[in-house]
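Comments concern the structure below.
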Amino acid sequence: QVQLLESGPGLVKPSQTLSLTCTVSGGSITTDYYYWSWIRQPPGKGLDWIGWIAYGGNTFYSPPLKSRTEISRDTSKNQFTLHLSSVAPEDTAVYYCARLAATGWGQWALDAWGQGTLVTVSS
């Protein structure tokens with residue numbers, strides 16, 4: 001059974017870069033056909049998809065966040081990392097890493113999640 005665990009600072013200052021790492025166990029981040037995703041939930045709001053890094057290393061980001069987002073990976077550690085730059089208080093959220101499985105052309109399913117970690121942006 002694949003497991004995901006988020007780690008990183010819980011407090012980030014405005015204008016700084018938010019960095020979180022997801023450590024994956026029970027499965028490889030290079031396995032076809034999975035897309036390793038970052039999702040967040042601001043307080044009192046719904047889920048907001050940030051982006052993913054695919055099994056082959058390609059990335060795709062939510063257009064509103066694209067200019068500030070980078071997702072990278074370390075295959076030797078079976079980890080992938082989110083960097084969200086120039087953060088502001090509205091970036092405060094519970095951040096989740098998750099596995100997106102492609103089940104067919106244009107079809108997908110989220111089949112594994114981390115527990116989430118709260119990141120507060122405040123001076």
Side-chain angles (χ1 to χ4, degrees):
Q1 177 78 1
V2 66
Q3 293 181 304
L4 295 82
L5 179 64
E6 304 90 348
S7 62
L11 180 64
V12 183
K13 295 183 183 299
S15 82
Q16 299 286 300
T17 296
L18 182 161
S19 296
L20 294 171
T21 294
C22 184
T23 300
V24 179
S25 60
S28 173
I29 62 172
T30 64
T31 297
D32 307 357
Y33 295 96
Y34 294 115
Y35 299 77
W36 302 92
S37 305
W38 287 100
I39 301 161
R40 68 182 184 179
Q41 185 171 33
K45 299 182 179 180
L47 296 172
D48 182 21
W49 175 72
I50 300 168
W52 51 249
I53 185 163
Y55 58 95
N58 291 339
T59 56
F60 191 81
Y61 308 126
S62 177
L65 299 173
K66 182 178 180 179
S67 66
R68 298 195 290 132
T69 305
E70 181 179 0
I71 300 174
S72 59
R73 67 180 185 171
D74 185 338
T75 58
S76 70
K77 297 180 179 180
N78 215 37
Q79 296 177 330
F80 62 104
T81 299
L82 169 68
H83 300 286
L84 183 66
S85 65
S86 302
V87 298
E90 51 263 42
D91 292 309
T92 295
V94 176
Y95 284 76
Y96 299 91
C97 55
R99 185 173 73 173
L100 182 69
T103 59
W105 185 257
Q107 297 180 293
W108 53 268
L110 288 163
D111 66 357
W113 294 73
Q115 66 181 4
T117 185
L118 175 65
V119 180
T120 299
V121 179
S122 176
S123 61

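Numbers here simply count residues along the sequence, with the first being 1.
- Between L82 and E6, every side-chain heavy-atom pair lies at or beyond the 4.5 Å cut-off.
- At a cut-off of 3.5 Å, with distance as the only test, a side-chain donor of T81 or T21 sits close to an acceptor on the other residue.
- Atoms CH2 and SG, on W36 and C22 in that order, are 7.5 Å from each other to the nearest 0.5 Å.
- Follow the hydrophobic side-chain contacts under 4.5 Å out from V94 and you never reach L84; the two are in separate clusters.
- For W108, there are no ring pair (Phe, Tyr, Trp, His ring centres under 6.0 Å) partners at least two apart in sequence or on another chain.
- The two atoms that bring Y96 and G114 nearest to each other are CD2-O, 3.7 Å, heavy atoms only.
- By the ring pair (Phe, Tyr, Trp, His ring centres under 6.0 Å) test, Y35 pairs with W52, Y55, sequence neighbours left out.
- One distance of note links CZ of R40 with CD1 of I50; it measures 5.5 Å at 0.5 Å rounding.
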Mind listing the side-chain donor-acceptor pairs of residues 115-123 below 3.5 Å, one per line with the distance, residues two or more places apart or on another chain?
none

Side-chain donor/acceptor pairs under 3.5 Å, residues 12-20, sequence neighbours excluded:
unit_1, atom_1, unit_2, atom_2, d
S19, OG, H83, ND1, 2.8

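- Not a single salt bridge (charged side-chain N to carboxylate O under 4.0 Å, His left out) links R73 to another residue, sequence neighbours left out.
- For T23, the side-chain hydrogen bond (donor to acceptor under 3.5 Å, both in side chains) test picks out Q79, with sequence neighbours left out.
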